[in-house]
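On a predicted model such as this, the values are computed, not experimentally measured, just so you know. Chain letters run A, B, ... following the sequence lines, proteins first and then strands; every chain starts at 1.
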There are 2 protein chains.
Amino acid sequence: MSNSAAVPAEPRRGRPGYDRRGALEVAVRVFNEHGYDATSMGMLATRLGLSKSAIYHHFDSKEHLLEAALDEALGGLEQVLDEPGARRGTQTARLTYVVRRAVEVLVDRLPYVTLLLRLRGNTAVERAALERRRRFDDAVSALVRAAQVDGAVRADIDPAIATRLVFGMVNSLVEWYRPTGPEGARQQAGGLGRSPIVGAGQLADDVLALVLDGLRRR
Amino acid sequence: MSNSAAVPAEPRRGRPGYDRRGALEVAVRVFNEHGYDATSMGMLATRLGLSKSAIYHHFDSKEHLLEAALDEALGGLEQVLDEPGARRGTQTARLTYVVRRAVEVLVDRLPYVTLLLRLRGNTAVERAALERRRRFDDAVSALVRAAQVDGAVRADIDPAIATRLVFGMVNSLVEWYRPTGPEGARQQAGGLGRSPIVGAGQLADDVLALVLDGLRRR
DNA sequence: GTCTATAAAGAGATAGAC
DNA sequence: GTCTATCTCTTTATAGAC
């Protein structure tokens, strides 16, 4: 869970008085609205209700904000691979588990994962994050290959390509999905129109249905 | 075809002497490497082998460069919907046609479409492009719905969600696919590792196989 | 933990010569 | 079609007070 219990969303009620994590949460939201590069420290300050220099009390630099956010996203994904469901069972079960959990992590840490998925590798921090992400992809790719050898997954698609296509679909969720619930679908900056309303569980079901069996009716 | 016959790629051989289109082609490549916002006119000038002010001879502003590039991408996609294959035949055939052609357009105009897919909607130009893209999505969504009514496509997934998932997969191609052929897979800026080697036709086949029938063997 | 003030660099864009 | 020189504004970041 990336949010503790019932933390409010934007500028805290009452006085600001941010801690590191609270400031990060708001910053990441703004990064995702405008893009990391297009977001200035001035914009962050405005959204936080602080002066620019106050931000530097919490983070050494703009890039440190990015680094902290990316770690949040990558940590979540990497953990999935260590969970029992990803390490035991048939290859197909393991693969299914990882895809489902990846959707859940993505939804749970949506802003952090969104930021991760939009990196261009402009700096050392960004490149290190992309490298961690690549290692995750490689692990999933090995799962797909194993499932093919098992005979449970079609072997006429290259496993590396299948992995990229499947995670292309999963990752694209950050472009439109907004959690439902008390405050779901609140703001939709830069969006492509209203999100269909669906919970995280149903979403994972849909993704897996499509990935495993496709659109065509039989 | 977005490239005329055998046009070289980066700084032309011999003297620069760019025309509007040649300059745009290089600029879009740089935009994609670093992200539009992170790309300065100075960086463009260096890559073009020109001074900053020379760029302003071809384009009024940085945003005009973006606008021209986005039009290239959107024009290609919108055209697909007008082609006979998208307008005649069974709903499933029409849907299949549109997905396949979308993959082809994406590959053919890869840099332009890549730029389009990374917009955040920061400016009026960007928002207008996102709106054109949304209209394309809506048209495809209508096709999915029609195919469901027809009974050829599973009806247990919301058509808007199915469309987003399918095009999430298609659009994710810009993150890793590099055309094969004489000069395929040349540079891979900001990449996630080497691309699997595959032609555009095979790629469209793989996407459609996955989208229509899924990974699971039967 | 926050502020004002400011430094230093880089941004997009223009003027005018060749 | 390209150049040098320059304007103006914004950027990230720091200094030092409260």
Side-chain angles (χ1 to χ4, degrees), chain A residues 7-8 10-28 30-31 33-70 115 119-120 122-126, chain B residues 7-8 10-70 115 119-120 122-126:
Chain A
V7 172
E10 201 77 348
R12 305 280 242 269
R13 290 176 297 247
R15 299 194 358 277
Y18 288 99
D19 58 1
R20 216 180 122 92
R21 205 190 163 72
L24 180 61
E25 201 175 312
V26 176
V28 169
V30 185
F31 283 156
E33 287 171 19
H34 305 294
Y36 172 75
D37 290 299
T39 304
S40 71
M41 296 299 275
M43 295 169 65
L44 291 183
T46 302
R47 278 288 285 271
L48 283 160
L50 297 178
S51 67
K52 282 191 292 176
S53 60
I55 302 175
Y56 286 96
H57 176 75
H58 297 289
F59 295 91
D60 286 349
S61 66
K62 187 185 172 187
E63 198 165 27
H64 256 73
L65 275 160
L66 180 63
E67 195 169 22
L70 295 177
L115 198 57
L119 292 189
R120 299 305 312 135
N122 286 335
T123 65
V125 166
E126 297 188 24
Chain B
V7 172
E10 201 76 347
R12 306 279 242 272
R13 289 176 298 244
R15 297 192 3 274
Y18 288 99
D19 58 2
R20 218 180 120 94
R21 205 191 163 73
L24 181 61
E25 202 175 312
V26 176
V28 168
R29 206 192 316 272
V30 184
F31 284 155
N32 285 329
E33 286 171 20
H34 305 294
Y36 172 75
D37 290 299
T39 304
S40 70
M41 294 299 275
M43 296 168 65
L44 291 183
T46 301
R47 277 289 284 273
L48 284 160
L50 297 178
S51 66
K52 282 194 291 178
S53 60
I55 301 174
Y56 287 95
H57 175 75
H58 299 287
F59 295 91
D60 285 349
S61 67
K62 189 185 173 188
E63 199 166 23
H64 256 74
L65 275 160
L66 179 64
E67 196 169 23
L70 295 177
L115 198 58
L119 292 189
R120 299 305 311 136
N122 286 334
T123 64
V125 165
E126 297 188 23

Consider the side chain of A54(A), meaning its heavy atoms from C-beta on, and name the nucleotide among dC3(C), dA13(D), dA13(C) that approaches it most closely.
dC3(C)
Starting at CZ of F59(B) and ending at P of dT14(C), how long is that distance when rounded to a whole Å?
15 Å
note: H58(A), atom NE2; dT12(D), atom P; distance rounded to Å ~ 17 Å
Most 5' of S53(A) and H57(A) on DNA chain C, judged by nearest nucleotide:
H57(A)
Just the rounded figure in Å: distance from P of dA9(C) to NZ of K62(A).
19 Å
Establish, for the pair K62(A) and Y56(A), whether the NZ or CZ atom is under 6.0 angstrom from the six-membered ring centre and no further than 45 degrees off its axis.
no
What I want to find out is whether R20(B) reaches E25(B) closely enough, with some N-O distance under 4.0 Å, to be called a salt bridge.
no
Any side-chain heavy atom of Y36(A) within less than 4.5 Å of one from D37(B)?
no
Sugar-phosphate, base or nothing in reach of S40(B), heavy atoms under 4.0 Å:
sugar-phosphate
Distance check needed: dC7(D) P versus K52(B) NZ, whole Å only.
14 Å
In whole Å, what is the span from the CG atom of D60(A) to the P atom of dT12(D)?
15 Å
Option among V26(A), I55(A), L24(A) that satisfies the side-chain contact (heavy atoms from CB on, under 4.5 Å) test with Y18(A):
V26(A)
Using whole Å, what does the distance between atom P of nucleotide dT11(D) and atom CD1 of I55(A) come to?
12 Å
Residue Y56(B), side-chain atoms from C-beta onward, closest of dG1(D), dG12(C), dT12(D)
dG12(C)
Whole angstroms only, please: what is the CG-C1' distance between D37(B) and dG10(C)?
15 Å
Rounded distance (Å) that lies between atom C1' of dT10(D) and atom CE of M41(B)
17 Å
